[in-house]
Each structure stands twice: as C-alpha cells, then as structure tokens.
Amino acid sequence: MRISDTRNMEEHDYLDRYRHSAAHVMAQAVKRIYPHARLGIGPPIEDGFYYDFDLPETITPDDFPRIEEEMRAIVAADHPFQRRELSFEEGRRLLEEQGEIYKLELLEGLKDDTISIYRSDGFVDLCRGPHLERTGEIKAFKLLSVAGAYWKGDEQRPMLQRIYATAFPDPRELRRYLAGVEEAKKRDHRKLGREMGLFSFHEEAPGAPFFHPRGVVLYRTLLDYWREVHEAAGYREIMTPLMLRDHLWHQSGHWEHYQDHMYLSTVGEQTFAVKPMNCPGTLLYYRETQHSYREFPLKVAELGRVHRRELTGVLHGLFRVQSFVIDDAHIFCLPEQVTGEVVKVVDMIISIYRTIGFPEFAVEISTRPESSIGSDDDWELATRALKEALEINRIDYQVSEGEGAFYGPKIDFHIRDCLKRSHQCGTIQLDFSMPERFNLEYVGADGNKHRPVMIHRATFGSIERFLAIVLEHYGGVLPLWLAPVQAVVLPISARTIDYGRRVRKELAEAGIRAELDERDEKIGYKIRSARLQRIPYMLVVGPAEEKAGSASVRHLRQGQRGEWPLEKIREELSGEIAARTGYDSCLLTEPD
RNA sequence: GCCGGCGUAGCUCAACGGCAGAGCAGCUGAUUUGUAAUCAGCAGGUUGGAGGUUCAAAUCCUCUCGCCGGCUCCA
C-alpha cells in the first residue's frame, strides 16, 4: 500500500467518524423534538449518513429546518462525546429504561461482554464509535430526504422513517457536493430524454419505454456498432421468439425459480411465457443440429427483448424497466477453451466501453454461493479460469465470495461515469445448469458425446439502461457519432433557405444526420433552440456563405469554429463520425 | 409489494372550499433578421381515473392508476 493510500484511508476514517457524529447530533435533535421517537441505526454512508426512527408522526422535508435548527443548537453548545463502557447487563437495563426496543435488539445480537455507549449532553446512544471529541467540530451538514426503510431491511419487520443527510468538515465541500447533486438532476436522463425527443413513458405501459425517432437513431447507432464488433469477432446472430410454451420454462428451471417475474399468457389450450431471458431460446437453436468440437468455440449472439415483472416501486426511467433488450451472447466451447474465450470477451467489453467513453470501470468476480449446483471441481476450475483470464488482461478485480449465481461463477463489469457513479453493465457467466437441463452435446475428437461448456455474456446488459448511463454521463452532449442529429443548418433569413436546403442535402448524402431549421426566426433563437436539442454542429448560412459555398461553423462544446467550405465540413464531420471520436471530459459546457 | 411525497394545457408551474391562470412550446399574421429567446393575435383543460362529503371540490375524504424518493451501507 502506498503512503497516499494510507492517508486516503485515514481521511476516509475521519469522514466516517465525522458523519457518524453528525448522525448522533441529528438523532439527538429528533429526540428533542419527538421525545418518544425510538432509534434504529444511524451509520455513515458513501455521501453522508442516515438515521432510522420509529415514531407515530410522519416526518416530511418541511420538518427539516426545525431539525437542522436544533442540530445547530447542539453543535453550538459544543458538548463533548463521552465514551463509556458498560457490562452487557448494564447496557440492557439502560436501553430498557429508555424503551429503545430496536437498540435492545441490536444489543441482543452482540456477543461481547462489555458494550460501549456514547453520551453527549443528555443524549445517550449505544454505539461502537469512534466519535469526534465534541459536537462543536461539526461544521457543515444538511438534511436531504426522508424515506421508509424496513428495520434490518426485512419487509416482514416494521418500517421506520429514515432521514438521509450529509455532512462535510469544510462548508465548501458541502456546497460542492450539493452542486454535484444539482448537476445530477440536470443530467437526469428522463429529463434529457424529453428535451431531446428521444423517448417517453406512458401509463398504459408501466416500465416500458416508447422510443421516438431520434431515440431510435441513438439506439440503432449503438447496436450497429455492437454488431460490427461482434461480427468481426466471429459471433453469429440469431433471433428467437418472444413467447415460448410453458414446458420450456419448466425445463429451464425458470418456472420454479423465476415465475414471479414472468408474464404469462394462456391462449386456448396452451400456456406461454414471455421470455425473461434469452438463453432457453438459444439452447433450442443449439439442439437443432448436431455439433462437433471442430465448431467450437461457437458464439451465438442475440439482441433479444425480454420482459420481467418488477415490484412497481422499483421502476425508474430507463434504469429499471420491465421490457428491455439484452445484448446477449452464448459461447459453447470445450473446458480448455474457457480461459482463452473469456480473455477475448473481456478484451472486447473493455474496448467497447472505451470507445463509448467509459475508460474507468471496476471488475468483480463472484464465487460459489451456498445453494448452487455443480461439483466442487467444476466451480474450482471455472472460477480459476475467470481469474486467470483477468490476470492475463492485467485487470485488477475484487472477489465477492458467495455472490455468484446458483448455476456458475461470474465476472461483472461496473463502469464509472463522470459523476463518479458506478453502474453494473457487462457480465460474463459460466453456466453449469443449462447444458445439463437441456442435455446439450457435442461430438468430441474421440467420437463420443460430451457436454459443452456454456458461457453467457453481455456487454451493455440492458440496452435501455446503458443508454440512460450514456445520456447522464454526457449530460446529453453526445459524441458526434452517437448524436441523433449531428448537424443543423441555420439560415440567417428566408433569403438563404434555398442554399440551406442544398447544404443539408449535401451533408445527408455524405451520410451525416443533418437537419434544416427553416423557421422564420432570428439566428440567436435558432442557435438557442439547437443547443437545447444538444445538436453538436450548428451551421449558420447567410448571403456571404452562400456566395463562398461555405457555412459558419459553431460547435456545441467548442463554440465558434470559423467559416468552413462545405467540402471541409463534410470531411471533418465524416472523419469524426467514422473514428467514433469521443470527448476527453464530459463535464464542460453545459447547456442551461 | 411496503413507507412517504406528487399527479392542473405538450413542458415548467400558479390558484389550496367560491368564475382554472401565467410563461415557454403550438397555430396565424407582421417582421427578413449574423451567433443563447422579435412583436401581436388565436387556440389549448371533464384539474390522472372512479366514488363520496358540501349550496359549491383542482382544493376535503375513500378507492384506484401512474410518477418521484427510498426500502442489502447493520450499535
């Protein structure tokens, strides 16, 4: 570990202590206002802290100023945080006296003989600590939101009221954090999707997006690129039905394990399920013919639309939908080919992320969970193959023990967007279950039948969700190759509309997605309008440009680029599109 | 699903028991415009839906649908 890492860790510890102390102050403030409130837990979290309360009144954001005011008073009084150790029994008596039933439950879960409490002013809380020295050290905090949260995350247990808040040692950091939250709101893909005319949602189809013409262009552009890469890598693409009969899902195990998430439909005598996953369809394709080891690795891709019923409360724009396309592919291969194939997949996923503008990502390997199928040997071998593949690619990874699927170990890719948020996208999973259930076979070199290894993998995961990530990452200001409208021609006045038409047509013929704004408006108005639509190139044409056969080029991020001859515009833009040039940073030049 | 909040014109919001409004967008006209909003006029609504309370409901109550913030960060 480098020295700087140590310091980061110390800072991190301090911040946790700081926020944990702020959580105590908040709990004390809430207790002052609602003396009968019972306390749940109040830990520091990544961007702040929260505290859970059980009380009959409902806390709303309207109550925040009052709580914050009380917190400021506690901070101003500068009470010391005093640690005291008690025996288990003393602790129990104290909490019983206070009627803190949740804390009592936590206490029961502790095995230690002695426990610690922290006292500041009149407020006492069961707490491991550590804390700051005094409440006066807390400089900047803000309550953010209130939400219901089940006690211990268990929906069978009572629901408490959780107040989310944040605190920073430096008020400037708090301001910066709040500005970041604002920035994220501005970049909300649901807002961008509306402003840019990409997609919409309707009550008639909860959790199922409607893509509008410009949204379809974006969607298709992403998939065109995906197909190009996959074809070059030797994948072949199939399409399988949206609905398949029930016995298939019994065979695959989905009926048993996944039925709550499936849309079912009975038509006449037959029951169908709308597919929640693509693999069973692919397996029917595989079984359609006999296979030889000579065909391996056999790479079968499917951009398959799946439907999954979700709890209504979890739907969230394109991030969490009930109908979406997975960029699936299944690789059938020999055991000894696994490592090599995984290496190639990892390589491809990274290259795709980089092209789209996500150079930063984290990789996680999940190992065998408690309830799972397959032999220890299979798991051991497969897990080692995955690790080896990452090591060959020189990729750092983190191991999540026991987090694998029941049917095999997996690698997950978490991309990091420019607001430093992490999103799980790509996945590579080994599957011991399906080949077995579907009795897959191939003929080996020895002339006997064997069971192939099946690798299940996706780069984007859900296309819909990935689009949302891309949109928020770029704040809607997409790289040229992805922009639904790449250039808009803006005539100064009606007099140059004809010339504008010629310019637009010429660009369109060169394969550039160009539009013309022929509305009877002033140029400032048209520029504003183009910017709000996040169109990368604005081409202003007036009499001077008409005469010169040029256009005045204005770029969404770079501003005025000067007057370019049409030929140069065509070449520059085509070159930028073909190279899929991205932006180094995605935080500059925000349209308002 | 659960807790809380919110559904008013295409969008952003006002009216919070007493005639449903504004800005932007849209349409029509005038203007012929040089780098982030030209002016005027017109049109736009069973206030998400159903039921109830009331002389009177966007407003209060019940149900329902949808959306938003959360519900695996364990003293």
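Quick note on labels: first sequence line is chain A, next is B, and so on, each numbered from 1. Quantities reported herein were computed from a predicted structural model and do not represent experimental measurements.
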Regarding [X], tell me which of base, sugar-phosphate or nothing describes its non-hydrogen contacts under 4.0 Å with the strands shown.
| X | answer |
| --- | --- |
| R554(A) | base |
| Y164(A) | sugar-phosphate |
| A530(A) | nothing |
| G542(A) | base |
| L160(A) | nothing |
| F201(A) | nothing |
| S552(A) | base |
| G48(A) | nothing |
| I41(A) | sugar-phosphate |
| K522(A) | base |

Could you give the [atom1]-to-[atom2] distance, from [X] to [N], as a whole number of Å?
| X | N | atom1 | atom2 | result |
| --- | --- | --- | --- | --- |
| E195(A) | C24(B) | CD | C1' | 13 Å |
| H202(A) | G10(B) | NE2 | P | 13 Å |
| L315(A) | C65(B) | CG | C1' | 13 Å |
| E100(A) | C74(B) | CD | P | 20 Å |
| D188(A) | C11(B) | CG | P | 16 Å |

Aromatic ring proximity [X]/[Y], centre distance under 6.0 Å:
| X | Y | answer |
| --- | --- | --- |
| F201(A) | F210(A) | no |
| H131(A) | H24(A) | yes |
| Y164(A) | Y50(A) | yes |
| H555(A) | Y537(A) | yes |

Problem set entry | Donor-acceptor pair under 3.5 Å, Y150(A) side chain vs G1(B) base | yes
Problem set entry | Under-3.5 Å donor-acceptor pair between Q560(A) side chain and G34(B) base | no
Atom [atom1] of [X] and atom [atom2] of [Y]: how far apart are they, to the nearest 0.5 Å?
| X | Y | atom1 | atom2 | answer |
| --- | --- | --- | --- | --- |
| L573(A) | R513(A) | CG | CZ | 11.0 Å |
| I469(A) | F319(A) | CD1 | CZ | 5.5 Å |
| H189(A) | L471(A) | NE2 | CG | 7.5 Å |

Candidate nucleotides [options], ranked by approach to the side chain of [X] - the nearest:
| X | options | result |
| --- | --- | --- |
| Y525(A) | A37(B), G1(B), A36(B) | A37(B) |
| A149(A) | C71(B), G34(B), A36(B) | C71(B) |
| I45(A) | C73(B), C71(B), G69(B) | C73(B) |
| A494(A) | C73(B), U32(B), C65(B) | U32(B) |

Phosphate-side-chain proximity, [X] and [N], N/O vs OP1/OP2 below 4.0 Å:
| X | N | answer |
| --- | --- | --- |
| R309(A) | G1(B) | no |
| R190(A) | G69(B) | yes |
| R531(A) | U35(B) | no |
| T312(A) | G1(B) | yes |
| H316(A) | C67(B) | no |
| R519(A) | G26(B) | yes |

Exercise. Going by atom types only, do H36(A) and E57(A) share a side-chain donor-acceptor pair under 3.5 Å?
Worked result: yes
For this session: Quick one: do F406(A) and H257(A) satisfy ring pair (Phe, Tyr, Trp, His ring centres under 6.0 Å)? Show the steps, please.
Result: CA-CA 11 Å; F406(A) 73 93; H257(A) 297 293; 5.3 Å; yes
For this session: Sort by first number and list every stem of RNA chain B: at least 3 consecutive Watson-Crick or G-U wobble pairs, both distances under 3.5 Å.
Result: B:1-7 with B:65-71, B:10-13 with B:21-24, B:26-30 with B:38-42, B:48-52 with B:60-64
